[in-house]
*Asks:* 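Could you have a look at this structure, given as structure tokens, before my questions?
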Amino acid sequence: MTLTTDEKREIVTRFGKGDNDTGSTEVQVALLTRRINDLTEHLREHKKDHHSRRGLLMLVGQRRRQLKYLQRKDLDRYRSLIQELGLRR
């Protein structure tokens with residue numbers, strides 16, 4: 001359920017500008033999306049886990065704010081990121 005170091009490194013190299021670029025908006029959104037997907041699968045199995053549901057809602061809000069920032073700053077990067085992550089169907 002948690003992100004291993006290898007998975008995190010793979011996401012950073014895929015979405016970042018370099019191998020150590022963990023702070024860019026694209027990397028942060030990709031990591032949040034991975035955590036959101038994992039929590040969604042967990043909540044499908046454990047329907048009464050309301051504490052994790054609150055954490056999921058907080059992660060979704062954080063990702064939404066990051067995406068809003070990216071949309072304001074660079075629309076092309078925003079569009080390519082949501083298309084690559086499969087967001088906004």
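Every heavy atom of this structure was used, including side-chain atoms; hydrogens, water molecules and symmetry mates were not. It should be emphasised that the depicted structure is a prediction, and the values quoted were computed from it without experimental measurement.
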*Asks:* Do you know which two heavy atoms are closest between Gly55 and Leu39, and how far apart they sit?
*Replies:*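 Minimum heavy-atom contact is C-CD1, 4.3 Å.
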
*Asks:* Would you mind reporting whether Leu67 and Leu87 have side-chain heavy atoms less than 4.5 Å apart?
*Replies:*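 Yes, at least one pair of side-chain atoms sits under 4.5 Å.
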
*Asks:* Enter the distance from Arg77:CZ to Thr25:OG1 here, rounded to the nearest 0.5 Å.
*Replies:*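 Reported value, rounded in 0.5 Å steps: 6.0 Å.
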
*Asks:* Of all the heavy-atom pairs spanning Ile11 and Ala30, show the shortest one and how long it is.
*Replies:*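 Taking every non-hydrogen atom into account, CG2-CB, 3.7 Å.
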
*Asks:* Within a strict 4.5 Å, meaning less than it, do heavy atoms of the Lys17 and Glu26 side chains meet?
*Replies:*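 Lys17 vs Glu26: side chains touch.
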
*Asks:* How long is the span from the CD atom in Gln62 to the CD1 atom in Ile36, to the nearest 0.5 Å?
*Replies:*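 Gln62 atom CD to Ile36 atom CD1 measures 8.5 Å (nearest 0.5 Å).
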
*Asks:* How close do Ser24 and Gly16 get, heavy atom to heavy atom, and via which atoms?
*Replies:*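 Nearest pair, atom of Ser24 first, then Gly16: OG-CA, 4.4 Å.
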
*Asks:* After noting the C-alpha distance and the side-chain angles of Val29 and Leu70, does the key distance pass the side-chain contact (heavy atoms from CB on, under 4.5 Å) rule?
*Replies:* CA-CA 10 Å; Val29 170; Leu70 188 60; 5.7 Å; no

*Asks:* Would the distance check show the side chain of His42 and the main-chain N or O of Asp38 forming a donor-acceptor pair, the cut-off being under 3.5 Å?
*Replies:*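 Side chain of His42 to backbone of Asp38: no pair is present.
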
*Asks:* Nearest 0.5 angstrom please: His50 NE2 to Leu43 CG, how far?
*Replies:*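 His50 NE2 to Leu43 CG: 10.0 Å, rounded to 0.5 Å.
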
*Asks:* According to a 4.5 Å side-chain heavy-atom criterion applied to Ile, Leu, Val, Met, Phe, Trp and Tyr, with indirect links allowed, do Val12 and Leu3 form part of one hydrophobic cluster?
*Replies:*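 Same cluster.
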
*Asks:* Go through the side-chain N and O atoms of Thr40 and Asn37 and say whether any donor and acceptor fall under 3.5 Å apart.
*Replies:*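 No donor-acceptor contact under 3.5 Å links the two side chains.
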
*Asks:* About how many Å separate NZ of Lys8 and CZ of Arg35, when rounded to the nearest 0.5 Å?
*Replies:*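 Atom-to-atom, Arg35:CZ and Lys8:NZ are 8.5 Å apart.
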
*Asks:* Can you tell me how far the CG atom of Leu59 sits from the CZ atom of Arg64, to the nearest 0.5 Å?
*Replies:*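 Atom-to-atom, Leu59:CG and Arg64:CZ are 12.0 Å apart.
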
*Asks:* List the atom of Val27, the atom of Asp21, and the distance in Å for their closest heavy-atom pair.
*Replies:*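 So the minimum-distance heavy-atom pair works out to CG2-O, 3.2 Å.
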
*Asks:* Can you tell me if CZ on Arg53 sees more than 12 non-hydrogen neighbours from other groups inside 6.0 Å?
*Replies:*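 Yes, enclosed.
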
*Asks:* Go through Gln28 and Arg63 one step at a time and tell me if the side-chain contact (heavy atoms from CB on, under 4.5 Å) criterion holds.
*Replies:* CA-CA 8 Å; Gln28 291 183 29; Arg63 181 180 70 179; over 6 Å; no

*Asks:* Any side-chain heavy-atom pair from Leu81 and Phe15 closer than 4.5 angstrom?
*Replies:*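 The answer is yes, as the side chains (C-beta and beyond) meet within the 4.5 Å cut-off.
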
*Asks:* Identify the two heavy atoms, one from Lys47 and one from Arg44, that lie closest to each other, and give their separation to 0.1 Å.
*Replies:*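 Closest approach of Lys47 to Arg44: NZ-O, 3.1 Å.
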
*Asks:* Please report the C-alpha distance between Arg72 and Tyr78 in whole Å, then the side-chain angles of each, then the deciding distance to 0.1 Å, and finally whether the side-chain contact (heavy atoms from CB on, under 4.5 Å) criterion is met.
*Replies:* CA-CA 9 Å; Arg72 252 191 352 253; Tyr78 168 78; over 6 Å; no

*Asks:* If you count every heavy atom of other residues, nucleotides or ligands that lies below 6.0 Å from Glu10 atom CD, does the total exceed 12?
*Replies:*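 Atom CD in Glu10 is not crowded, with 12 or fewer foreign heavy atoms closer than 6.0 Å.
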
*Asks:* Test side-chain contact (heavy atoms from CB on, under 4.5 Å) on Tyr69 and Arg65; report intermediate values, then the result.
*Replies:* CA-CA 6 Å; Tyr69 167 80; Arg65 286 190 299 272; over 6 Å; no

*Asks:* Looking at every heavy atom in both Arg79 and Ile82, which two are closest together, and how far apart are they?
*Replies:*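 Shortest heavy-atom separation between Arg79 and Ile82 comes out as O-CG1, 3.4 Å.
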
